[in-house]
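Data first, discussion second: the structure below is written as structure tokens.
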Amino acid sequence: MNEAYDPPQDILSSKSIVLMDVPKGISVEERLKLADELQAFFAKVGVDAAAYFQINSFSSVSGMQEQIPDFILKRDIKNLIFLTVLNQEDDFILGMGPFNGKHNFYDKGASFWLRRTTDLETVFSELTTRLKTDAFPKENLLLSNSAEFFEPTVSGFKQAYVTLPKDFEGKKIAIPRIDINPFAEPNPQALSIAALTSANMFKKELSDRSHSYETLATKDSVLYQIISVENKTDADLRRTRVDYVLHYIEADAQNVYTFLPFEKREENKTGVLVKFFLRDTRTNIAFLGSNWDAKEDWNEALNSFIAQINSMRGK
């Protein structure tokens with residue numbers, strides 16, 4: 001993106017959408033408090049921040065389409081605001097620019113007003129001065145002081161079973177290809193802490209995961225096949241004789257528990273969890289396995305779930 005001298009001229013006469021990323025370890029309560037502080041400032045100056053999203057929510061479920069809910073897009077949102085908290089005490093990046101109305105939020109080369117600061121109050125003071133000029137017509141009134149968070153819309157599954165398919169003979173499991181360079185094009189992850197502070201490390205982790213998939217597909221090419229599932233419907237997958245898709249969710253533990261119902265499990269984790277599952281391309285039913293094997297480590301979660309599949313196959 002390019003850097004603009006001023007915030008968007010219609011920032012006080014239109015609705016905006018907000019992306020936030022905070023460091024791992026910050027509690028939900030702390031994140032909400034920070035968002036409410038941001039929202040209180042916006043309401044004070046007349047910025048209508050209509051919806052908040054967490055950046056990491058847009059990469060939480062692999063191989064399943066995630067997008068901004070339609071009812072949000074119908075609110076005629078014109079601008080994008082993002083806040084990346086590199087350090088909760090003294091390192092923040094705040095940006096304002098045009099929202100493109102698409103799942104990637106902004107276009108390549110779009111102009112954004114950007115500030116990196118050790119104190120948000122300093123940026124708030126500057127913005128207040130800038131937005132008081134006649135260049136920013138103020139039409140937004142009666143704004144809420146509380147930030148309203150939303151989750152992405154996930155094209156999920158019909159229902160989940162605590163089991164696996166009984167027969168894998170002659171079947172094919174598609175493994176969604178991992179994009180090992182997620183910051184090459186505009187997307188929410190490009191505004192994340194990982195992108196701004198340790199992009200090479202994050203890309204290496206994705207490369208390692210991709211290698212694990214390649215190893216699995218090479219060892220058992222009869223059952224597994226790596227494919228690009230982006231923009232493919234289940235009908236498209238069935239035409240290529242794909243019976244199941246291997247997905248995983250990687251998110252805060254509570255989101256994993258909510259997304260994947262599973263009776264008689266302990267829900268005592270508070271950090272990030274990874275859980276793999278299979279989805280049937282004919283029935284859109286998810287198979288979670290008979291054991292709840294969510295792990296904190298991605299490779300451990302993959303190996304555990306593949307072990308369940310091998311056990312079902314008698315291997």
Side-chain angles (χ1 to χ4, degrees), residues 1-22 31-32 34-55 57-58 66-85 92-117 119-153 183 185-192 195-196:
M1 58 179 62
N2 297 317
E3 189 166 356
Y5 179 76
D6 280 319
Q9 288 189 334
D10 61 351
I11 195 74
L12 301 185
S13 59
S14 62
K15 298 181 185 298
S16 299
I17 196 168
V18 181
L19 280 171
M20 281 188 65
D21 196 24
V22 298
R31 174 176 56 81
L32 293 176
L34 177 60
D36 281 343
E37 290 175 359
L38 191 63
Q39 179 68 14
F41 167 73
F42 289 154
K44 178 181 177 182
V45 297
V47 174
D48 189 356
Y52 282 69
F53 289 91
Q54 294 186 79
I55 287 178
S57 295
F58 285 89
E66 294 191 86
Q67 57 189 0
I68 307 166
D70 286 341
F71 68 88
I72 295 293
L73 294 178
K74 290 178 181 178
R75 299 171 76 170
D76 196 28
I77 294 171
K78 298 295 186 183
N79 290 296
L80 167 65
I81 300 170
F82 71 88
L83 176 67
T84 305
V85 182
F92 308 86
I93 298 177
L94 183 67
M96 294 181 173
F99 172 60
N100 64 6
K102 302 175 183 177
H103 71 277
N104 60 353
F105 285 86
Y106 61 98
D107 294 326
K108 192 171 185 176
S111 295
F112 275 70
W113 179 84
L114 300 166
R115 288 294 182 270
R116 184 168 183 174
T117 181
D119 182 8
L120 280 176
E121 290 297 333
T122 302
V123 178
F124 291 166
S125 178
E126 179 189 351
L127 272 174
T128 300
T129 301
R130 285 180 178 272
L131 298 178
K132 282 183 177 179
T133 68
D134 293 337
F136 300 94
K138 185 175 180 179
E139 299 178 14
N140 296 326
L141 301 172
L142 303 176
L143 305 180
S144 172
N145 286 326
S146 297
E148 189 173 4
F149 274 89
F150 295 89
E151 288 296 319
T153 297
F183 309 130
E185 296 294 333
N187 64 81
Q189 282 71 46
L191 304 175
S192 68
L196 298 173

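From a predicted model like this one, the values you see are computed outputs, not experimental measurements. In what follows, every heavy atom counts, from backbone to side chain, and hydrogens, waters and symmetry copies are set aside.
Note that CG of Leu19 and CD of Gln54 are 10.5 Å apart. Values are rounded to the nearest 0.5 Å. Once rounded to the nearest 0.5 Å, the distance linking CG of Leu83 with CG of Leu38 reads 5.5 Å. Here the OG-CD1 distance, from Ser16 to Ile77, works out to 8.0 Å after rounding to the nearest 0.5 Å. In this structure, Phe183 CZ and Leu191 CG are separated by 10.0 Å, a value rounded to the nearest 0.5 Å. Atoms OG and CG, on Ser144 and Asp48 in that order, are 9.5 Å from each other to the nearest 0.5 Å. A distance of 7.5 Å separates CG of Asn145 from CD of Gln39, quoted to the nearest 0.5 Å.
Among all heavy-atom pairs drawn from Ser13 and Asn140, the shortest one is N-ND2, 3.6 Å. What you find for Phe53 and Pro152 is that their closest heavy atoms are CE2-N, 4.1 Å. Leu12 and Pro137 make their closest contact through CB-O, 3.4 Å (heavy atoms, listed as atom of the first residue, atom of the second, distance). Of all the heavy atoms in Phe112 and Phe82, the pair that sits closest is CD2-CE2, 4.0 Å. Between Phe150 and Ala50, the shortest heavy-atom contact is CE1-O, 4.0 Å. Closest non-hydrogen pair, Ala51 versus Ile72, comes out as CB-CD1, 4.0 Å.
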Ignoring hydrogens and angles, write down the donor-acceptor pairs under 3.5 Å from the side chains of residues 3-11, residues two or more places apart or on other chains.
residue : atom : partner : partner atom : Å
Asp6    : OD1  : Arg130  : NH1          : 2.4
Asp10   : OD1  : Asn79   : ND2          : 2.9

Distance-only check: which donor-acceptor pairs under 3.5 Å involve side-chain atoms of residues 95-109, not counting sequence neighbours?
residue : atom : partner : partner atom : Å
Asn100  : OD1  : Lys102  : N            : 2.9
Asn100  : ND2  : Asn104  : OD1          : 2.9
Asn100  : ND2  : Tyr106  : O            : 3.3
Asn100  : ND2  : Asp107  : OD1          : 2.9
Tyr106  : OH   : Asn187  : O            : 3.4

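A 4.5 Å side-chain heavy-atom check between Glu37 and Leu120 finds every atom pair outside the cut-off. Residues Phe92 and Leu94 form no side-chain contact, since every pair of their non-hydrogen atoms from C-beta on lies 4.5 Å or further apart. Looking only at side-chain heavy atoms (C-beta outward), Leu196 and Asp21 stay at 4.5 Å or farther from each other.
Listed by chain and number, the residues in a side chain to side chain contact (heavy atoms under 4.5 Å, CB included) with Lys44 amount to none (sequence neighbours excluded).
Just one of Leu143, Leu127, Thr128 meets the side-chain contact (heavy atoms from CB on, under 4.5 Å) condition when paired with Val45; it is Thr128.
For the pair Ser192 (side chain) and Pro188 (backbone), a donor-acceptor distance under 3.5 Å is absent.
Taking the ring axis of Tyr52 as reference, the NZ or CZ atom of Arg31 does not stay both within 45° of it and closer than 6.0 Å to the ring centre.
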